[in-house]
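A short write-up of the structure that comes next.
The sequence lines fix the lettering, A, B, ..., with proteins before strands; numbering per chain opens at 1. On a predicted model such as this, the values are computed, not experimentally measured, just so you know.
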Amino acid sequence: MPENTTFFRNKLITWYLENKRELPWRKTKDPYRIWLSEIMLQQTRVEQGLPYYLKFVDAFPTVFHLAEAPQKTVLKLWQGLGYYSRARNLHAAAHYISETLKGEFPSNYKDLLNLKGVGDYTASAIASICYNEPQAVVDGNVYRVLSRVFGVETPINSTAGKKEFKQLAQQLIDAEQPGTYNQALMEFGARYCVPRNPNCEACIFNNRCEAYKKNLVSALPVKLKKRKVKKRYFNYMVVLSEGKRTLLNQRTGKGIWQQLYEFPLIESGKEVSEKELKKLEGFKLFSEEVNIEDMVLYNETSVVHKLSHQHLFARFWIVAVSEIQNTGIPFSEIQNYPVPVLLQNFISDFSVFKN
DNA sequence: AATCCGGGGTT
DNA sequence: AACCCAGGATT
């Protein structure tokens with residue numbers, strides 16, 4: 001074993017034990033709870049995921065509770081956290097563990113990979129933390145720390161890069177305490193070796209950090225550029241009947257917000273006036289469902305809702321109708337439905353104004 | 001190998 | 001506006 005390796009892991013773990021945050025999932029080795037936390041923290045900051053973790057543990061103390069819950073309940077608790085496929089896969093995996101595995105949680109890296117929504121990172125995290133299996137985690141923090149300390153310039157989002165960093169991380173892992181080591185590396189990336197302007201002068205590795213020596217800290221890690229965002233224009237038809245009922249549709253098929261609910265949506269290629277809106281095919285279909293008495297634009301200025309790779313420009317049309325079919329729901333029950341943040345923001349704003 | 005999938009924070 | 005976040009699935 002290279003002397004360098006021992007130095008790195010010992011220094012790192014020492015730093016971790018002195019600087020780690022107290023987090024609820026660090027007080028347990030219950031694989032269910034570790035799994036839950038790891039899924040929630042995928043592409044999600046600890047501060048953002050934490051309140052959701054607490055809500056889920058409270059609502060679903062065991063994998064059986066989660067499995068038995070209706071999907072609508074799970075999605076409602078997940079509302080606002082994003083990447084909703086995580087919630088759907090979590091629920092499906094809970095069914096699998098509860099029923100097929102009779103509640104016996106997968107207890108090694110290989111079997112963990114069979115769970116929906118569990119990839120190399122998550123399987124490694126659970127296996128190392130819960131079962132002491134030496135599988136190296138490679139998340140965004142690990143890419144950053146290792147690329148800098150060891151001066152690796154391979155793009156982290158290339159196939160070669162993923163392979164190379166996993167191999168390097170695997171070589172460095174402390175097999176005696178893999179869970180602690182993995183968390184130490186991630187914590188160091190999250191709290192010290194940060195993306196922008198890290199404090200290299202005081203860093204525990206600055207004597208040996210390749211990036212620091214070569215003045216490449218701001219250039220590492222290398223990442224291939226992604227394509228630009230697409231713009232979309234959403235016209236939401238907020239139906240209001242005299243009985244204070246409205247219409248919600250569940251999004252199905254591909255694309256964003258699968259299984260979440262929304263008002264009837266008419267998408268247009270650009271921002272449209274009322275006259276232009278009424279010419280759209282989607283509007284004709286909509287107007288066959290309800291008897292429109294009046295229609296007024298709620299927000300002249302579009303709400304801009306930014307997703308990772310789409311910018312949504314949304315306008316809400318308040319549509320008074322005389323009749324509504326039995327698919328309508330009371331407006332007061334809308335809060336029971338999982339909806340995208342874009343919709344939740346409108347509902348909150350509209351409700352205040354309306355009452 | 002590329003692309004898609006949210007929402008929020010930082011710079 | 002661009003980048004990032006305890007990534008994974010799909011095409």
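- Taking 3.5 Å as the limit, the base of B/dG6 and the side chain of A/Ser308 contain a donor-acceptor pair of atoms between them.
- If you check every strand for non-hydrogen atoms under 4.0 Å, A/Trp25 touches a base.
- Along DNA chain C, the nucleotide nearest A/Leu23 and the nucleotide nearest A/Asn89 are compared for position; the residue whose nucleotide lies closer to the 5' end is A/Leu23.
- Electrostatic pairing of A/Lys279 and A/Glu276 does not count as a salt bridge here, judged by no charged N lying under 4.0 Å from a carboxylate O.
- Rounded to whole Å, the distance from CG on A/Leu41 to C1' on C/dC4 is 15 Å.
- As rounded to whole Å, 11 Å separates atom P of C/dA9 from atom CG of A/Asn114.
- For the OP1/OP2 pair of B/dG7 and a distance below 4.0 Å, the side-chain nitrogens and oxygens of A/Tyr84 include at least one atom meeting the criterion.
- For the ring-ring contact (aromatic ring centres under 6.0 Å, His included) criterion with A/Tyr298, the lone passing option out of A/Tyr236, A/Phe346, A/Phe316 is A/Phe346.
- Summarising the geometry, the separation between NZ on A/Lys225 and P on B/dA2 is reported as 11 Å, rounded to the nearest angstrom.
- Nearer the 5' end of DNA chain B, as judged by each residue's closest nucleotide, is the contact made by A/Leu224, out of A/Leu224 and A/Gln258.
- Across the protein-nucleic acid pair, A/Arg148 atom CZ and C/dC4 atom P stand 10 Å apart, rounded to whole Å.
- Checking B/dC5, C/dC4, C/dA6 against every side-chain atom of A/Ala190, the shortest atom distance belongs to C/dA6.
- For A/Thr44 against B/dG6, a side-chain-to-base donor-acceptor contact under 3.5 Å is present.
- Nucleotide C/dA6 holds its P atom 9 Å from the OH atom of A/Tyr121, rounded to whole Å.
- Among the protein residues, A/Asp120 comes within range of the sugar-phosphate backbone only, with heavy atoms under 4.0 Å from sugar or phosphate atoms but none that close to a base.
- Residue A/Val142 is out of contact with every strand shown, counting any heavy-atom pair closer than 4.0 Å.
- Each of A/Asn197 and A/Ser158 lies near DNA chain B, and the nucleotide nearest A/Ser158 is the one positioned closer to the 5' end.
- Residue-level contact check: A/Val341 touches the backbone only, with heavy atoms under 4.0 Å from sugar-phosphate atoms and none from bases.
- Using a 4.0 Å heavy-atom distance criterion, A/Gly49 is classed as making no nucleic acid contact.
- Side-chain N/O atoms of A/Gln310 include one lying less than 4.0 angstrom from OP1 or OP2 on B/dC5.
- The phosphate of B/dT3 (OP1 or OP2) has no side-chain N or O of A/Lys230 nearer than 4.0 angstrom.
- With respect to A/Tyr261, the side chain to side chain contact (heavy atoms under 4.5 Å, CB included) criterion is satisfied by exactly one of A/Leu75, A/Leu248, A/Asn249: A/Leu248.
- The side chain of A/Arg88 places no N or O atom within less than 4.0 Å of a non-bridging phosphate oxygen (OP1 or OP2) of C/dA9.
- DNA chain C is contacted by both A/Gly117 and A/Glu38; A/Glu38 maps to the nucleotide lying nearer its 5′ end (nearest heavy atom per residue).
- Across all strands, A/Gly80 comes closer than 4.0 Å only to sugar-phosphate atoms, never to a base (heavy-atom distances).
- Other residues, nucleotides and ligands place no more than 12 heavy atoms under 6.0 Å from the NZ atom of A/Lys110.
- In this structure, A/Ser37 reaches neither bases nor backbone, as no heavy-atom distance under 4.0 Å exists between it and the strands shown.
- Taking only distance into account, the side chain of A/Arg45 meets the base of C/dC4 through a donor-acceptor pair shorter than 3.5 Å.
- We find that CD1 of A/Ile129 is positioned 14 Å from P of C/dA6, with the value rounded to whole Å.
- Taking 4.0 angstrom as the limit, A/Gln43 places none of its side-chain polar atoms (N or O) nearer than this to OP1 or OP2 of C/dC5.
- One finds no side-chain N or O of A/His305 lying less than 4.0 angstrom from the OP1 or OP2 phosphate oxygen of B/dG6.
- Applying the 3.5 Å distance criterion, the base of B/dG6 shares a donor-acceptor pair with the side chain of A/Tyr83.
- By the 6.0 Å contact criterion, NZ on A/Lys116 is open, its count of non-hydrogen atoms from other residues, nucleotides or ligands being 12 or less.
- For the ring-ring contact (aromatic ring centres under 6.0 Å, His included) test with A/Phe205, the passing option among A/Tyr212, A/Phe150, A/Phe8 is A/Phe8; the others fail.
- Nucleic acid contact class of A/Arg144 (heavy atoms, under 4.0 Å, all strands): sugar-phosphate only.
- Applying the 3.5 Å distance criterion, the base of C/dA6 shares no donor-acceptor pair with the side chain of A/Arg86.
- The interatomic distance linking A/Tyr52 (OH) with B/dG7 (C1') rounds to 8 Å, in whole Å.
- At whole-Å resolution of the value, NZ in A/Lys306 and P in C/dA2 are 9 Å apart.
- A 6.0 Å sphere centred on CD of A/Gln250 holds more than 12 heavy atoms belonging to other residues, nucleotides or ligands.
- Across all strands, A/Ile39 comes closer than 4.0 Å to no nucleic acid atom at all (heavy-atom distances).
- C/dC4 and B/dG6 have their C1' atoms separated by 13 Å, with the value rounded to a whole Å.
- For A/Lys228 and C/dA2, the shortest distance from a side-chain N or O to OP1 or OP2 is not below 4.0 Å.
- Paired with A/Tyr121 under the rule side chain to side chain donor-acceptor pair (under 3.5 Å), one option of A/Lys166, A/Gln42, A/Glu38 passes, and it is A/Glu38.
- Within 4.0 Å of A/Glu47, counting heavy atoms only, lies no atom of the nucleic acid at all.
- One can find a donor-acceptor pair under 3.5 Å joining the base of B/dG7 and the side-chain atoms of A/Gln48.
- In this structure, A/Trp257 reaches the B/dG7 phosphate: one of its side-chain N or O atoms is under 4.0 Å from OP1 or OP2.
- A gap of 22 Å separates the P atoms of B/dG8 and C/dG8, to the nearest Å.
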